[in-house]
Amino acid sequence: MSIPSNPHMTSPLEPRILAGPPGPSFVRRALTGQIFRASTIELLRANAALYGDLVHFRAAGRHVFQLNHPALVQEMLVRDAPHHHRGIVMQRARFVLGDGLLTSEEPLHLRQRRLTQPAFHRDRIAAYGSIIGDYALQMTRTWQSGDTRDVHHDMLLLALRIVSKCLFNADVQSEARNISAAVDAFMGFLPLAFLPFSAQITRLPLPLMRRIHRGEAELDALIYSLIRQRRASDPGQHAVGNPDQGDLLSMLVAAVDTEGQTGSMSDRQVRDECLTLLLAGHETTANGLSFALWLAALHPEWQQSLRDEARQVLTGEAATAADYTRLPLTWQHFAETLRLYPPVWVTARTAAEPYAFRGLSIQKGSLLIAPQIVIHHDQRWWPDPERYDPDRFAGQAPSQRGQENSTRPRFAWFPFGAGTRQCIGEGFAWMEGVLALATILREWRVSLPVDHSAALEIQPRITLRPKAGVHLQLHRYS
Ligand code: HEM
């Protein structure tokens with residue numbers, strides 16, 4: 001296989017494709033599991049700096065293509081989607097997640113996506129606004145002024161409670177500790193997903209696997225009991241297509257396959273979807289919120305503007321959906337957070353069949369990766385890329401659309417992915433991120449504890465997370 005070489009980059013919008021496969025070092029990193037340690041990010045960035053917009057290497061017997069240009073990302077995620085399956089990590093994640101939205105392939109994926117979509121309709125998300133405002137307020141009421149807390153821990157609990165209440169009408173406060181432990185154990189498996197025989201590893205009685213299966217059993221017990229309760233209640237009042245009645249769980253339980261092939265959804269399928277949404281819907285948002293609070297602590301002048309905005313807009317006790325579009329600075333701050341610290345830091349696909357891409361023959365089984373963590377920091381689209389500057393997103397908040405004057409290509413920023421597998425929870429995540437931040441920063445000032453490093457250690461796992469929490473000092477405004 002040959003990589004076309006184009007060392008003459010003429011326009012920043014024209015992908016620069018250079019040859020140069022640094023294979024062996026990647027193989028070693030993959031085989032030793034290093035690829036999921038912090039150095040992976042450096043590896044991907046070095047690849048982009050050294051080899052250009054399309055980088056190729058071989059890893060564990062596979063061809064890997066790293067795409068570092070927005071135009072290539074668009075082709076991968078949108079145009080070429082029919083040629084792809086999920087990336088390896090998601091394929092391996094099936095042993096816990098089953099066939100939920102994150103892991104299923106077509107045609108099951110499309111059918112399930114259509115069934116799930118009404119729970120993410122704009123009207124439904126508006127209804128979630130008050131739950132978000134209410135739970136965020138409840139959380140801050142447990143805080144003491146002057147305390148230093150791991151706010152990441154708080155954000156995980158908050159996001160878990162919000163997603164469970166909104167989608168399943170369940171308050172999981174008492175189960176939250178077990179759920180978090182289960183998610184942690186599950187994240188621990190992901191570095192192993194790249195190892196040869198990883199499917200077999202999942203069946204070995206290793207301590208890690210035992211922890212994962214214990215967590216899975218606890219999650220199953222919770223979800224199956226919710227399903228049982230819901231099946232026992234009157235299914236007629238939870239009809240699919242009537243988004244004003246019932247929550248997502250009711251919709252799934254009442255769903256009948258409209259193509260008439262399989263009848264109603266099995267408990268196992270409902271469980272797979274619920275577990276997927278519980279996991280996908282809280283880790284990412286919690287990480288985003290934690291990074292956003294960290295950046296607010298590092299930038300007191302912006303934090304003050306966010307407080308002023310929140311005080312002006314949040315006039316009721318708790319925030320509601322109506323406040324969302326009136327918080328453009330908070331929106332910008334969250335958008336810049338997702339640029340600097342994208343909770344989904346790399347998006348991967350596996351070629352399901354051979355096809356041609358930019359003059360290359362992509363073989364079946366090749367891995368394609370689009371790293372948000374590289375493209376969001378590319379100085380061609382983001383001058384002085386490491387500098388925090390929410391004004392990069394000025395004029396782009398939902399209330400300001402139409403004023404935007406962006407010179408960036410669309411895919412220079414893709415925290416929620418794109419195409420058929422674009423994040424189904426994007427609208428939900430924005431509402432949650434903006435309303436929770438405004439609720440917190442209206443009443444509380446966050447700062448770095450004295451003698452605390454201003455550098456945040458991050459851990460690239462299946463999501464990008466703070467490695468040792470986010471410890472901040474909290475001060476209540478009098
Ligand atoms: C800041 C928060 C979030 C970020 C950054 C994020 C990011 C993403 C990204 C990048 C993808 C696409 C992955 C790919 O193409 O391989 C995705 C998919 C997904 N996300 Fe999110 N997400 C967030 C919040 C949420 C929430 C709140 C929910 C649900 C309540 C959710 C549920 C899902 C699901 C189910 C998928 C799979 C969609 C499919 O394949 O059809 N996410 N997310």
Side-chain angles (χ1 to χ4, degrees), residues 67 73-74 76-78 80-81 84-91 93 97 99-117 119-121 124-125 128 131-132 155-156 158-168 247-249 252 272-292 331 334-350 367-373 375-376 411 413-437 462-465:
L67 280 47
V73 174
Q74 181 156 23
M76 167 183 151
L77 292 183
V78 183
D80 294 334
H84 297 150
H85 281 158
R86 305 292 300 178
I88 296 178
V89 170
M90 281 304 142
Q91 289 179 357
L97 296 181
D99 268 324
L101 273 183
L102 269 176
T103 44
S104 57
E105 302 290 356
E106 307 305 349
L108 177 65
H109 168 260
L110 182 61
R111 195 192 75 179
Q112 294 302 107
R113 183 134 180 153
R114 284 197 185 127
L115 285 171
T116 313
Q117 202 83 52
F120 297 95
H121 188 271
R124 296 294 306 173
I125 289 173
Y128 303 153
I131 296 173
I132 295 168
M155 294 308 122
L156 282 167
L158 175 65
L160 187 59
R161 285 190 72 203
I162 289 174
V163 77
S164 312
K165 183 70 185 169
C166 293
L167 299 185
F168 315 129
D247 52 25
L248 175 83
L249 182 56
L252 294 177
D272 290 353
E273 298 302 350
C274 292
L275 183 56
T276 297
L277 286 161
L278 202 67
L279 296 190
H282 93 276
E283 250 273 327
T284 42
T285 317
N287 297 353
L289 278 167
S290 304
F291 292 133
W331 188 94
F334 198 50
E336 177 69 343
T337 302
L338 299 181
R339 179 185 76 81
L340 284 166
Y341 297 104
V344 174
W345 56 284
V346 61
T347 305
R349 298 288 183 266
T350 313
L367 191 65
L368 292 97
I369 56 174
Q372 279 93 339
I373 197 73
I375 296 174
H376 287 190
F411 284 81
W413 182 71
F414 58 112
F416 295 96
T420 49
R421 316 238 34 164
Q422 175 161 354
C423 178
I424 199 168
E426 174 170 356
F428 190 153
W430 278 115
M431 178 76 71
E432 186 174 346
V434 169
L435 293 187
L437 284 171
I462 188 170
T463 60
L464 189 74
R465 354 160 78 187

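Atoms within a ligand are numbered from 1 in the order they appear, just like the ligands themselves.
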**Q.** Closest candidate by heavy atom, reference atom 10 (C) of ligand 1, pool Ser104, Cys423, Gly419, Pro415
**A.** Pro415

Q) Taking side chain as C-beta onward, heavy atoms only, is Arg349 less than 4.5 Å from Leu367? A) no

Q) Of all the atoms in ligand 1, which lie at a distance below 4.0 Å from a heavy atom belonging to Leu101? A) 35 (C), 39 (C), 40 (O)

Q) What heavy-atom pair brings Cys166 and Asp247 nearest, and what distance separates the two atoms? A) O-CB, 3.9 Å

Q: Going by heavy-atom distance to atom 6 (C) of ligand 1, choose the closest among Phe416, Trp430, Phe428.
A: Phe416

Q) What protein heavy atom is closest to atom 38 (C) of ligand 1, reported as residue, atom name and distance in Å? A) Arg113 NH1, 3.4 Å

Q: Looking only at protein heavy atoms, identify the closest one to atom 34 (C) of ligand 1 and say how far it is in Å.
A: Ile424 CG2, 3.8 Å

Q. Is it the side chain (CB and beyond), the backbone, both or neither of Val163 that lies under 4.0 Å from ligand 1, heavy atoms counted?
A. side chain

(Q) Less than 4.5 Å apart, side chain to side chain, heavy atoms only: is that true for Leu156 and Leu160? (A) no

(Q) Can you give me the closest heavy-atom contact between Leu338 and Gly288, atom names plus distance? (A) CD2-CA, 4.4 Å

Q) Considering only heavy atoms, does Thr347 approach ligand 1 within less than 4.0 Å through its side chain, its backbone, both, or neither? A) side chain

Q: Between Phe120 and ligand 1, find which residue part has any heavy-atom pair under 4.0 Å and reply side chain, backbone, both or neither.
A: side chain

Q: Please name the pair of heavy atoms, one in Gly100 and one in Thr276, separated by the smallest distance, quoted to 0.1 Å.
A: CA-OG1, 3.5 Å

(Q) Measuring from atom 41 (O) of ligand 1, which candidate in Arg421, His109, Gln422 has the nearest non-hydrogen atom? (A) His109

Q: Indicate whether any N or O donor in one side chain lies under 3.5 Å from an N or O acceptor in the other, for Gln372 and Thr347.
A: yes

(Q) Below a 4.0 angstrom heavy-atom separation, can you tell me which part of His282, side chain or backbone, both or neither, approaches ligand 1? (A) neither

Q: Can you pull out the closest protein heavy atom to atom 24 (C) of ligand 1? Residue, atom name and distance to 0.1 Å, please.
A: Thr284 OG1, 3.4 Å

Q) With a 4.0 Å cut-off on heavy atoms, does Glu426 reach ligand 1? A) no

Q: Evaluate the side-chain proximity of Leu464 to Asn287: yes if any heavy-atom separation is below 4.5 Å, no if none is.
A: no

**Q.** ligand 1 to Thr285 polar contact by distance, N or O atoms, under 3.5 Å
**A.** no

Q. For atom 32 (C) of ligand 1, what's the nearest protein heavy atom and its distance?
A. Ala280 CB, 3.7 Å

Q: Find all atoms of ligand 1 within a distance of less than 4.0 Å from any non-hydrogen atom belonging to Val344, and give their numbers and elements.
A: 7 (C), 8 (C), 9 (C), 10 (C)

Q) How are the rings of Trp430 and Phe334 set relative to one another: parallel (under 30°), tilted (30 to 60°) or perpendicular (over 60°)? A) perpendicular

Q. Which ligand 1 atoms, with their elements, are less than 4.0 angstrom from a heavy-atom of Arg86?
A. 14 (C), 16 (O), 40 (O)

Q) Which option, Gly100, Ala370, Ala429, Gly281, owns the non-hydrogen atom nearest atom 30 (C) of ligand 1? A) Gly281

**Q.** His376-Tyr341 aromatic ring centre distance below 6.0 Å
**A.** no

(Q) I want to check something: taking the side chain as every heavy atom from C-beta on, are Thr420 and Leu110 in contact at a cut-off of under 4.5 Å? (A) no

Q | Per-residue contact class, Arg349 against ligand 1 - non-hydrogen pairs under 4.0 Å | A | side chain

**Q.** Which residue and heavy atom of the protein sit nearest atom 37 (C) of ligand 1, plus the separation
**A.** Leu102 CD2, 3.6 Å

(Q) Less than 4.5 Å apart, side chain to side chain, heavy atoms only: is that true for Arg161 and His282? (A) no

Q: Give a yes or no on whether a salt bridge exists between Arg465 and Glu283, defined as a side-chain N under 4.0 angstrom from a carboxylate O.
A: yes

Q. Is the closest heavy atom of Gly288 to ligand 1 under 4.0 Å?
A. no

